[in-house]
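Down below is the structure, laid out as structure tokens.
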2 protein chains.
Amino acid sequence: MKDKLTERQKEILNHIQNFIAENGFPPTLREIASHFGLASTFGVKRHLDALKKKGYLKVESFASRAISLNKKSFSEIEFEKSGYDSKTISIPVVGRVAAGSPILSEENLEGMIAIDSNFFKHNKNCFALKVSGDSMINAGIFDGDLVIVSPNEKVSQHDIVVARVDDEITVKNYEKKDDKIFLIPQNKKYEPITVTQKNNFYLVGKVIGVLRWFN
Amino acid sequence: MKDKLTERQKEILNHIQNFIAENGFPPTLREIASHFGLASTFGVKRHLDALKKKGYLKVESFASRAISLNKKSFSEIEFEKSGYDSKTISIPVVGRVAAGSPILSEENLEGMIAIDSNFFKHNKNCFALKVSGDSMINAGIFDGDLVIVSPNEKVSQHDIVVARVDDEITVKNYEKKDDKIFLIPQNKKYEPITVTQKNNFYLVGKVIGVLRWFN
DNA sequence: AAATATAGTGCGCTAATGTTCACTTGTCAA
DNA sequence: TTGACAAGTGAACATTAGCGCACTATATTT
């Protein structure tokens with residue numbers, strides 16, 4: 001009841017959020033007023049007071065642009081108290097793999113990443129590997145992405161896998177035909193790799209996820 | 001030009017970042033000065049001018065607290081601090097958003113994911129949203145992917161954002177031209193959305209990451 | 001009809017905050 | 001040594017921006 005906003009208040013709150021997103025800092029009363037074609041800052045102030053009272057904003061007194069959005073309007077609170085119980089599983093992140101070295105040696109380690117077990121129903125030996133190269137762009141795996149790899153998991157036809165061919169680590173689609181193994185890139189620029197007896201071939205694991213950061 | 005920062009400039013920049021993270025808005029010159037025990041605001045101003053010139057932040061003239069961070073300033077500074085604390089941060093995962101409902105209401109909650117803070121240098125209000133539709137495939141975002149969203153972070157031209165247009169939640173590239181806002185899909189099958197005054201437009205946040213599971 | 005809540009106007013006041021200038025100090029390299 | 005440069009001081013000064021009052025208007029409720 002108390003938290004209910006009027007139409008105008010919603011508009012104001014909405015505009016403040018957009019302003020911050022666009023500018024990186026909050027607007028002044030006058031800027032808000034002028035955006036709505038208002039002539040006086042007093043009305044705006046009353047709206048802010050209302051929004052503050054209802055818990056959507058914090059406003060420092062006697063300070064300029066000192067509006068901050070309250071988490072309440074976003075997330076946290078509701079989840080925090082809903083007693084969400086879940087374990088997280090930590091997996092190591094592996095960067096560029098030095099040719100010849102075991103993938104999971106310390107020198108390749110770059111950090112850890114933890115993922116909620118609800119989303120992660122695989123075995124505990126998983127790790128994440130930083131992809132270099134664009135041979136899988138059509139599968140939505142870009143240079144620099146982290147692929148999450150589950151070793152000792154059954155690999156089926158057409159799965160995306162991480163494999164080692166003669167000390168070279170690659171991410172490709174897996175295909176087996178008449179006892180021959182093919183590693184298929186998802187980019188016209190590259191040719192499929194045919195694995196022969198002469199190659200030192202090792203199926204590292206199955207790619208079960210992809211994680212990418214925009215920086 | 002040399003983009004290299006002096007020690008002092010790094011300290012200042014770092015403090016500004018922390019201040020914004022804690023308060024939700026940037027500090028004034030005097031607040032910065034007093035944090036460092038300085039008696040004059042002039043020195044601070046010169047530091048800001050330098051940081052601006054070197055491209056780490058933007059500062060509006062004759063406006064209070066009008067400092068905004070440039071992307072560049074993330075990576076570099078946090079870099080040095082990383083390694084100290086490696087907590088994991090939990091963020092909620094949001095599934096299909098019922099039209100009209102606040103994104104982060106319980107009915108939309110699907111779980112939590114936790115991510116190592118070393119890989120996650122953004123604010124704590126972040127959440128993950130399940131994408132439906134293929135309008136961003138050329139940006140490597142597929143149907144069913146989880147995009148990780150940072151609300152109340154400065155959105156720049158061409159950033160991938162989550163926006164609400166008239167109760168419809170979409171993920172698109174953000175573009176602003178002459179006061180007009182365009183939401184650009186990354187798939188030839190779709191047309192850009194032009195946001196007009198008549199639309200109820202709300203910039204939910206910036207997409208800072210993508211997570212995909214193969215199941 | 002009267003009361004109440006929401007919205008907005010105009011205007012002046014004052015505190016908050018950015019800007020500028022002249023001068024000092026310490027470091028580093030030519 | 002001299003000169004360039006980062007850093008800081010102190011004291012105005014100029015502009016921005018929050019605050020508050022009296023008054024108006026329009027719904028909705030009592």
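For clarity, every value in this text was computed on a predicted model and none was experimentally measured.
Contact of the B:Phe182 side chain with the B:Lys176 side chain is not registered, since no non-hydrogen atoms from C-beta on lie closer than 4.5 Å. Contact of the A:Arg65 side chain with the B:Phe25 side chain is not registered, since no non-hydrogen atoms from C-beta on lie closer than 4.5 Å.
Counting non-hydrogen atoms under 4.0 angstrom, A:Arg30 reaches a base of the nucleic acid. Nucleic acid contact class of B:Thr28 (heavy atoms, under 4.0 Å, all strands): sugar-phosphate only. Within 4.0 Å (heavy atoms only), B:Ser61 reaches sugar-phosphate atoms of the nucleic acid but no base atom. Residue A:Ala63 is in sugar-phosphate contact alone, with no base atom involved, counting any heavy-atom pair closer than 4.0 Å across all strands shown. If you check every strand for non-hydrogen atoms under 4.0 Å, B:Leu29 touches a base.
Under a 3.5 Å cut-off, the side chain of B:Asn187 and the backbone N or O of B:Ser135 do not form any donor-acceptor pair.
At D:dA17, one or more side-chain N or O atoms of B:Ser64 fall inside 4.0 Å of OP1 or OP2 (strictly under the cut-off). Side-chain nitrogen and oxygen atoms of A:His47 include at least one within less than 4.0 Å of the OP1 or OP2 phosphate oxygen of C:dA7. Distances shown here put a side-chain N or O of B:Gln9 below 4.0 Å from the OP1 or OP2 atom of D:dA7. Between A:Thr41 and D:dA17 there is no side-chain polar atom (N or O) within less than 4.0 angstrom of OP1 or OP2. Side-chain N/O atoms of B:Lys45 include one lying less than 4.0 angstrom from OP1 or OP2 on C:dT19.
DNA chain D is contacted by both A:Asp49 and B:Ile12; B:Ile12 maps to the nucleotide lying nearer its 5′ end (nearest heavy atom per residue).
One interatomic measurement links the two molecules: CG of A:Leu48 to P of C:dA7, which rounds to 12 Å at whole-angstrom precision. The NZ-C1' distance, from B:Lys54 to D:dC5, rounds to 11 Å in whole Å. A straight line from CD of A:Glu31 to C1' of D:dT16 spans 10 Å, rounded to a whole angstrom. If you take CG of B:Leu13 and C1' of D:dA6, they are 17 Å apart, rounded to a whole angstrom. Regarding A:Glu60, its CD atom lies at a distance of 10 Å from the P atom of C:dT17, rounded to whole Å. Look at CZ on A:Phe19: it is 13 Å from C1' on D:dA17, rounded to the nearest Å. Between A:Phe36 atom CZ and C:dT6 atom C1' there is a gap of 15 Å when expressed in whole angstrom units. Atom CZ of A:Phe25 and atom C1' of C:dT17 are 14 Å apart (whole Å).
For A:Phe42, counting side-chain heavy atoms from C-beta on, the closest listed nucleotide (C:dC21, C:dT9, C:dT19) is C:dT9.
Ionic pairing of B:Asp134 and B:Lys189 is present here: one or more N-O contacts between side-chain nitrogen and carboxylate oxygen are shorter than 4.0 angstrom. Ionic pairing of B:Lys53 and B:Asp49 is not present here: no N-O contact between side-chain nitrogen and carboxylate oxygen is shorter than 4.0 angstrom.
Not a single donor-acceptor pair, N or O on each side, falls under 3.5 Å between the base of D:dA17 and the side chain of A:Arg65. Between the base of D:dA7 and the side chain of B:Arg46 there is a donor-acceptor pair shorter than 3.5 Å. With hydrogens and angles left out, the side chain of A:Ser40 and the base of C:dG8 share no donor-acceptor pair within 3.5 Å.
A side chain to side chain contact (heavy atoms under 4.5 Å, CB included) with A:Val162 is found for exactly one of A:Val149, A:Thr170, A:Val131, namely A:Val149.
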